[in-house]
Amino acid sequence: MVIFMDIIKDCKGFWGLLVFGNIENLILASQGATASVNPVILLILSLICVVIWLVMGIYGTKLAIKYADEIEIIGGLAIIILGLQSMLSAMGII
């Protein structure tokens, strides 16, 4: 239990990014579904992205912790742009 609490404290600066990252995955999955992408290929690509994200999180956290605020802003901006693109695509505007 103590180890788990230490992990939570270490990642405190990245909680917003973790939440936004999960939302971003949902947006990308919905874009794939509306674009009629093969679900198996989408699954494989999603798993590859999750593994890359995990490796980046493990090795990049100590380097990136001082830039947590900037990273969170960029991640939030990417989510907004992808969300708009998904909505406009679903409405047939793009």
Side-chain angles (χ1 to χ4, degrees):
M1 186 68 173
V2 174
I3 295 172
F4 183 69
M5 297 304 287
D6 289 339
I7 292 171
I8 289 175
K9 288 178 186 175
D10 289 343
C11 297
K12 187 171 81 174
F14 287 103
W15 281 113
L17 186 60
L18 291 170
V19 170
F20 285 133
N22 287 327
I23 294 169
E24 188 173 357
N25 286 337
L26 290 172
I27 291 171
L28 291 173
S30 70
Q31 285 180 326
T34 58
S36 301
V37 175
N38 183 341
V40 175
I41 293 174
L42 187 62
L43 171 71
I44 292 168
L45 291 175
S46 295
L47 288 175
I48 290 170
C49 289
V50 166
V51 169
I52 290 171
W53 188 258
L54 179 65
V55 169
M56 285 174 38
I58 290 170
Y59 295 108
T61 300
K62 291 189 180 193
L63 296 172
I65 196 73
K66 56 186 161 190
Y67 304 109
D69 293 334
E70 292 85 357
I71 292 170
E72 192 169 337
I73 290 170
I74 293 169
L77 180 63
I79 290 167
I80 291 170
I81 291 170
L82 286 171
L84 288 172
Q85 180 189 9
S86 177
M87 288 186 288
L88 295 173
S89 174
M91 292 188 305
I93 296 174
I94 294 179

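The model shown is predicted, which means the values in this text are computed figures rather than measured ones. In what follows, residues are counted from 1 in the order of the sequence shown.
- Note on Ile44 and Ile52: same hydrophobic cluster, where clusters join Ile, Leu, Val, Met, Phe, Trp and Tyr whose side-chain heavy atoms are under 4.5 Å apart, directly or indirectly.
- No continuous path of ILVMFWY side-chain contacts below 4.5 Å connects Val37 to Ile48, so the two sit in separate hydrophobic clusters.
- Every side-chain contact (heavy atoms from CB on, under 4.5 Å) that Leu82 has, sequence neighbours left out, goes to Glu24, Ile27, Leu28, Gln31, Gln85.
- Listed by chain and residue number, Leu84 satisfy the side-chain contact (heavy atoms from CB on, under 4.5 Å) test with Ile80 (two or more places apart in sequence, or in another chain).
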